[in-house]
Amino acid sequence: MRRNQYQEAREERMARIGFIGLGNMGGPMAANLAAAGHEVTGLDLSMEAVKRLEAAGGAGADSIAETVAFADVVVTMLPAGAHVREVYTGDDGILTHARPGTVLIDSSTIDVDSARVVADAAQAAGMAMVDAPVSGGVGGAQAGTLTFMVGGPEEAFAKARPYLEIMGKTIVHAGGAGNGQAAKICNNMILGISMIGVSEAFVLAEKLGLDHQKLFDIASTASGQCWSMTSYCPVPGPVPASPANRDYQPGFAAAMMLKDLKLAQDAARSVDASTPLGAEASALYSLFCNAGNEGMDFSGIIKYLRGKVADQG
Ligand code: NAD
């Protein structure tokens with residue numbers, strides 16, 4: 001008798017989740033939702049990605065309608081703002097086929113404007129939506145330890161939170177619609193700028209005959225201390241786990257950093273914010289990527305600053 005009550009209570013907590021975008025990030029995130037006992041139906045342009053979800057306990061779908069029509073929750077993890085706009089607000093999109101009251105979570109990293117346009121349309125359709133971009137990379141997606149930066153009304157945040165907690169470890173409500181995206185690009189603008197700053201300091205130290213480890217020992221406990229120095233040091237040695245120790249295999253690929261820096265510049269232009277170092281970081285990562293280094297870890301920019309990679313194409 002008691003066991004049945006537990007079972008019933010458990011079944012009540014199981015949600016039907018539609019998941020669109022089962023790539024490097026979305027695939028493991030959807031698998032974690034399925035592993036938690038939710039009924040996950042997934043859609044992707046790639047059949048291989050759909051098959052991986054099926055192997056992880058989910059079901060594959062052929063259309064947005066099939067993915068979302070009976071869903072309590074819809075999660076999207078797509079490449080860019082144009083994909084998100086189309087998938088939500090296109091003629092055959094989520095807002096046409098999902099039921100009013102469905103909880104919508106977009107975890108893609110996209111421009112703030114698109115996030116706000118889609119959130120407004122969702123609200124008009126009677127659906128609670130949050131933008132919830134992540135940091136933590138593929139490793140964090142697999143381990144269910146992502147950080148979610150969430151924008152949207154308090155009520156939508158409260159409804160989305162139990163599902164975000166399955167996929168992530170740190171969940172922060174950053175304010176209204178679009179503020180999750182704003183937090184993500186502001187943070188990554190700091191990261192891009194600081195990685196270039198730390199890299200320039202190591203390159204200068206090399207030319208001045210100052211040992212890498214000595215600079216690290218001093219700067220990591222002095223006012224030059226920052227994450228790019230102490231957790232992700234761009235030279236091999238001082239921080240054994242940093243990509244510099246494995247020939248700059250990502251990690252966080254330079255192309256992803258460039259994407260986020262460009263989003264930050266788009267946002268800065270749209271609100272007339274002055275971000276000269278953000279602009280310079282975007283230009284430098286652009287040169288670095290154009291020289292064929294998109295797939296290298298973003299800390300590999302130090303090679304470019306030393307002039308040790310091919311010149312820009
Ligand atoms: P990905 O390219 O591996 O996955 C995107 C998936 O979306 C692909 O499988 C693609 O087929 C699918 N897709 C595209 N359009 C679609 C459509 N109309 N319908 C259905 N499926 C569609 O990218 P990813 O690395 O998983 O990144 C996804 C998002 O997460 C991006 O916005 C990225 O910036 C962000 N992000 C990625 C990382 C990372 O380390 N990979 C870290 C943080 C944030």
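Note that ligands are numbered from 1 as they come in the structure, with each ligand's atoms numbered from 1 the same way.
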Enumerate the residue pairs fulfilling salt bridge (charged side-chain N to carboxylate O under 4.0 Å, His left out) with a member in residues 48-73, sequence neighbours excluded, ordered by first and then second residue. R16-D72, D72-R99
Does a sphere of radius 6.0 Å around CD in E294 hold more than 12 heavy atoms from other residues, nucleotides or ligands, not counting ones at 6.0 Å or beyond? yes
Out of R269, Q265, E280, which one pairs with T275 under the side chain to side chain donor-acceptor pair (under 3.5 Å) rule? Q265
Give every pair formed by an N or O atom of ligand 1 and a protein N or O atom closer than 3.5 Å, one pair per line with both atom names and the distance to 0.1 Å, or write none.
residue, atom, partner, partner atom, Å
ligand 1, 3 (O), N24, N, 2.9
ligand 1, 3 (O), N24, ND2, 3.2
ligand 1, 9 (O), D44, OD1, 3.1
ligand 1, 9 (O), D44, OD2, 2.8
ligand 1, 11 (O), D44, OD1, 2.6
ligand 1, 26 (O), N24, N, 3.3
ligand 1, 26 (O), M25, N, 2.8
ligand 1, 32 (O), L78, O, 2.9
ligand 1, 32 (O), P79, O, 3.1
ligand 1, 32 (O), T109, N, 3.0
ligand 1, 32 (O), K259, NZ, 2.9
ligand 1, 34 (O), K259, NZ, 2.8

Applying side chain to side chain contact (heavy atoms under 4.5 Å, CB included), can you list everything that pairs with I193, at least two apart in sequence or on another chain? M189, L277, A281
Less than 4.0 Å between a side-chain N and a carboxylate O, is that true for R116 and D113? no
Who passes ring pair (Phe, Tyr, Trp, His ring centres under 6.0 Å) against H173, sequence neighbours left out? F157
